[in-house]
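Structure record follows, encoded as structure tokens.
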Amino acid sequence: MTVTPETRFRTSQLEENDGPPVNPTDNRTMGEIIAARFSRRGFLMGSLAVSAIAATVSPLALIAADEARAEEGSAFKFDELEAGIDDKHHVAPGYDADVLLRWGDPLFADSPEFDPLKQSAAAQARQFGYNNDYVGFIPIDGSAEHGLLVVNHEYTNPHLMFPGIVSIVEKDGKRAAEVAPLSKEQVDVEMAAHGGTIVEIRKQGGKWRVVRDGKLNRRIMSTTEMALSGPVAGHDRVKTNADPSGTKVIGTMNNCAGGVTPWGTYVMAEENIHGYFSGELPEGHREAANYKRLGIPEGAYEWGAHYDRFDLAREPNEPNRFGWIVEVDVNDPNSTPRKRTAMGRFKHEGAESIVAKDGRVVFYLGDDERFDYVYKFVTAGKFNPNDRTANMNLLDDGTLHVARFTEDGSVEWMPIVFGEGPLTAENGFASQADVLIETRRAADLLGATKMDRPEDIQPNAGNGKAYVMLTNNSKRKAEQVDAANPRAANAFGHIIEIVEDGGDFAAAGGKWEVLLKCGDPSVADVGATFSTATTAHGWFGMPDNCAVDSAGRLWVATDGQGPKATGRTDGLWAVDTEGAARATSKLFFRVPIGAEMCGPLFAPDDQTAFVAVQHPGDGGEDWEGFGRPSYYEDPSTRWPDFKPDMPVRPSVVAITKQGGGKIAV
Ligand code: FEO
Ligand code: CA
Ligand code: CA
């Protein structure tokens, strides 16, 4: 297998989702225009960055923006945080942002304390995993202050995790970092650091604490046995040497966003599965086109060197067992997670759900790749609020739909059903299992709308709308622009708002409009559409995760900002969606340099916002002014001002209002 230093570095997954063949023009991208703009400013680092940004907004302008927001009836009441770049996290004045969980924190009575110099798979299996992404909360006994936190661990950054694997070499007269191959022991740590964590937490004296050894605490890993269920279970295309039944899969990986179902289970989306596979399919193998459509194998990980199942030459069907939505019953720590194949196979971003008017349950699903699609799954059965057990297999039977957005502002949800339209033997499908295994090809044939990297999609029970985060797509050419993806070389992404027909989330169609085109609104070429009440701190680019609080307000987290892209770190922004204040955005929290912002999630009483800080520090060695590398050195020297409570490890942070109360009211 080939693993280059570049792929082994696996820096943040920004722009890593290469879609179908692309032909970039010679035109400058918006990213290049912005980069030029920031370099003209004489880009400043560290604490100076705050003043550099702030210097572009006069105090008078800030007051004017505040007044404009008040006049326009913004739903958010908090003093805006200043955008900037440094190595710490920051929250708006009047709030505390406390680290709740970090990579390596012990979860069980017998867990070893985190020691980065003594890592082992056995230790990691008893500790909080790496690169936290989705965060969910499942109340215990209906409490908003006591529950299970469920957290996805999306992927691993070996250069930030393992001491001694990076060496600095001279290449063509330049300093370059090289990453050594991982040992089998290190690969095993990676496999244990993936997956998810289920951990009991409790709020006492206004602060959240982890209940170490809570009886439902659990780690899900890339080594956890799970079941394939639904239409694909037992199909020939998912049978392997280790599993001739085609029903028993070992592990899950690249669990990006996810969801909590109305019946209190935890669903994990398997996103960038292509990186874990290496090797070559046997000549003429039937899965060649299927795997090509997903970029398999990418070989960014070295798992195939140590485990046959990740080597296509040895286990050609194994990739068909990944790329699903996984459901975990958190009430039983010994339950077998189930891969719900009825929900389709692609690079699943998230799975937020809502109960429709007639009791069926609707899941919104993004496929995060340039030019890929927005999906919606509607269960066949109805949610029973009085009988949890009756809901436990709802996800095995239902209809997956893919979205076609039309110029007249309507969206059509097209069913992906074997035997309907082009999904027939003529196109190589013999069953619904075939259709689901190759969901992307089925959606291609149906004529779905190619989107700018669909990430999180959040339904809002309060107003019957759903918000679709579209991160970016620098590869969209001018002739590929359409109404729902209105910018060529879309460097900063946009947000689409869907209003389902009749306010019914299970509807076959609806209306849509662009809520927001992201990026710096002061650069005319960017074409951003934030309201004029949005300050220079309030705009953002690259929307990725999002949340709706119980007041129905939208919060957007970003992935991929930084000095070169937008001159600010990623963070959490409050976005007005209603009335005259619509498209006004305010910065609430920002992450340390190199991190992306995941989560976010509001506790049921809206008194806590949980956010996930993923890969802090990643890529920092390229950012002049910090004077320190971002690959692993030693916990005491990795950051000059290292403190145990700083989120220099991937971490979940709990944000609360000083003195108590709901967030931003
Ligand atoms: Fe894992 Fe699409 O972000
Ligand atoms: Ca994401
Ligand atoms: Ca992301």
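The first residue in the sequence is number 1, and the count goes up from there. Both counts, for ligands and for their atoms, begin at 1 and track the order of listing.
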Tell me which N, O or S atom of D368 sits nearest to atom 2 (Fe) of ligand 1.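 Per the distance ranking, D368 contributes OD2 as its closest N/O/S atom to atom 2 (Fe) of ligand 1.
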Of the N, O or S atoms in E455, the one nearest atom 2 (Fe) of ligand 1: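 In E455, the N, O or S atom with the shortest distance to atom 2 (Fe) of ligand 1 is OE1.
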Test ring-ring contact (aromatic ring centres under 6.0 Å, His included) on H274 and F322; report intermediate values, then the result. CA-CA 9 Å; H274 56 304; F322 294 87; over 10 Å; no
Name all residues meeting the side chain to side chain contact (heavy atoms under 4.5 Å, CB included) criterion together with P262; count only those two or more places apart in sequence or in a different chain, and write none if there are none. S353, V355, V361, F383
Non-neighbouring partners of A351 that pass side chain to side chain contact (heavy atoms under 4.5 Å, CB included), sequence neighbours left out: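 By the side chain to side chain contact (heavy atoms under 4.5 Å, CB included) rule, A351 matches V267, I325, F363, L365.
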Looking only at N, O or S atoms, find the one in E154 nearest to atom 1 (Fe) of ligand 1 and name it.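 Of the nitrogen, oxygen and sulfur atoms in E154, atom 1 (Fe) of ligand 1 lies nearest to OE2.
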Nearest 10° is fine: what angle sits at atom 1 (Fe) of ligand 1 between SG from C256 and OE1 from E271? 90°
Of all the atoms in E349, is at least one N, O or S atom closer to atom 1 (Fe) of ligand 1 than 2.8 Å? no
For the Ca ion (ligand 2), find the closest N/O/S atom belonging to E455 and write down its atom name.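 This turns out to be OE1.
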Taking the Ca ion (ligand 2) as the apex, D544 OD1 and E349 OE2 span an angle, rounded to 10°, of 90°
For Y375 and F346, take the angle between the two ring planes, folded into 0 to 90°, and tell me which bin it lands in: parallel under 30, tilted 30 to 60, perpendicular over 60. parallel
For F277 and F310, take the angle between the two ring planes, folded into 0 to 90°, and tell me which bin it lands in: parallel under 30, tilted 30 to 60, perpendicular over 60.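 F277 and F310: tilted rings.
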Kindly say whether the aromatic ring centers of F540 and W573 come within a distance under 6.0 Å.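 Centroid separation for F540 and W573: below 6.0 Å.
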